[in-house]
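Order of appearance sets the numbers: ligands from 1, and atoms from 1 within every ligand. Reckoned from all heavy atoms, side chains included, excluding hydrogens, waters and symmetry mates. This is a predicted model, so every value here is computed, not measured.
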Amino acid sequence: MGIPDIIIAVDGYSSTGKSTFAKLVAREFGFTYLDSGAMYRGVTLFAMENGMIAPDGSIDNDELKNAIGRLELHFGADGLYMGERRIEAEIRTLEVSSHVSPVSAIAFVRNWVDERLHAFSEGGRVIMDGRDIGTTVFPNAELKVFMVADPQVRAQRRYDEMVAKGETPSLEDVMKNLQERDYIDSHRDVSPLRQPEDAFVMDNTHMTLHEEVVWILGVMQGKFGLLEAPALSC
Ligand code: DC
């Protein structure tokens, strides 16, 4: 018996390596990967480009609510698109990162994103990462993973990622942004980040990607009684 057509929910704080892990699992086991954080980043970019976020960071909720109906976001094979335009690079900048948590704390934005995530997941065999996938978006997901890692390691990872893309942040700013997002994400009223009770917790501070995949394979074998392990290519 192979791995069933389940939904795998991966939650955790920013830069704990959720998307890297989820993409790898998707590739190894033939799942569709959906990045829910990218959707919030897409909404944030839309709000920024349409002048709905003031220089002091305040958001014009009414304007955004009126305008969100004209926003179209979808995933292509190479990431997120706004209509015809691929926006992967734009949504990963520090500027978008610094506004995304307050945008994602708005209830109507969360409903808008959740509806799309459900539509994108029809048919199953999906691995989705975020902050509230196992608690709110898919509370009945067959497998839930909650990822944690040392804060210094997380900041360094995000920093390296940004430098690799040609940005020039300071490690201090990246750390500050992570701490602010941790706080907002876990203290907001609507669907705060918390560990689902039935999640398997992975601390990947000292794990290689190969070890992460072996780890989830072990979890799946235990949970679904798989006798045969698929061959891994990583
Ligand atoms: O995973 P990420 O850093 O790309 O996510 C960007 C922001 O989106 C993050 O600060 C919190 C928010 N988010 C959320 O509130 N719920 C999710 N399911 C995913 C992301």
K.L.:
For atom 12 (C) of ligand 1, what's the nearest protein heavy atom and its distance?
P.N.:
Ser104 OG, 3.5 Å
K.L.:
Using a plain distance cutoff, I'd like to know if Asp185 has any nitrogen or oxygen under 3.5 Å from a nitrogen or oxygen of ligand 1.
P.N.:
yes
K.L.:
Would you call Arg188 a ligand 1 contact, heavy-atom distance under 4.0 Å?
P.N.:
yes
K.L.:
What atoms in ligand 1 come closer than 4.0 Å to a heavy atom of Ser101?
P.N.:
10 (O)
K.L.:
Looking only at the side chains, is there a donor atom on one of Arg181 and Tyr13 sitting less than 3.5 Å from an acceptor on the other?
P.N.:
no
K.L.:
Aromatic ring centroids of Tyr81 and Phe75 under 6.0 Å?
P.N.:
no
K.L.:
Any idea which protein heavy atom is nearest atom 8 (O) of ligand 1, and the distance to it?
P.N.:
Tyr40 CB, 3.6 Å
K.L.:
Who's the nearest protein heavy-atom neighbour of atom 16 (N) of ligand 1, and how far?
P.N.:
Arg110 NH2, 2.9 Å
K.L.:
Atom 3 (O) of ligand 1: which protein heavy atom is closest, and how many Å away?
P.N.:
Arg181 NH1, 3.0 Å
K.L.:
Measuring only between side-chain heavy atoms, which start at C-beta, is Asp129 closer than 4.5 Å to Asp35?
P.N.:
yes
K.L.:
Using a strict 4.0 Å cut-off to heavy atoms of Arg158, name the atoms of ligand 1 that fall inside it.
P.N.:
3 (O)
K.L.:
Ignoring hydrogens and geometry beyond distance, is a side-chain donor-acceptor pair present between Ser15 and Arg158 at under 3.5 Å?
P.N.:
yes
K.L.:
Heavy-atom distances under 4.0 Å are what count here, so tell me which part of Asp132 touches ligand 1: side chain, backbone, both or neither.
P.N.:
both
K.L.:
Checking a contact table here: which protein heavy atom is nearest atom 1 (O) of ligand 1, and how many Å away?
P.N.:
Arg131 NH1, 2.9 Å
K.L.:
Assess, by modelled atom type and distance only, whether the side chains of Glu212 and His210 contain a donor and an acceptor separated by less than 3.5 Å.
P.N.:
no
K.L.:
CZ of Arg194: more than 12 outside heavy atoms within 6.0 angstrom?
P.N.:
no
K.L.:
Please output the side-chain donor-acceptor pairs of residues 159-167 that fall under 3.5 Å, not counting sequence neighbours, one pair per line with the distance.
P.N.:
| from | atom 1 | to | atom 2 | distance (Å) |
| --- | --- | --- | --- | --- |
| Asp160 | OD1 | Gln156 | NE2 | 3.1 |

K.L.:
Less than 4.0 Å is my threshold; does some heavy atom of Glu180 fall inside it relative to ligand 1?
P.N.:
no
K.L.:
Starting from atom 19 (C) of ligand 1, which protein heavy atom do you reach first, and at what distance in Å?
P.N.:
Ser36 OG, 3.3 Å
K.L.:
Ignoring hydrogens and geometry, is there a side-chain-to-backbone donor-acceptor pair from Asp11 to Asp132 under 3.5 Å?
P.N.:
yes
K.L.:
Taking N or O atoms only and a 3.5 Å limit, does Lys18 qualify as a polar contact for ligand 1?
P.N.:
no
K.L.:
I need the nearest protein heavy-atom contact for atom 4 (O) of ligand 1: residue, atom name and distance, please.
P.N.:
Arg41 NE, 2.7 Å
K.L.:
Checking side-chain hydrogen bond (donor to acceptor under 3.5 Å, both in side chains) against Ser97, which of Glu180, Arg92, Arg41 comes through?
P.N.:
Arg41
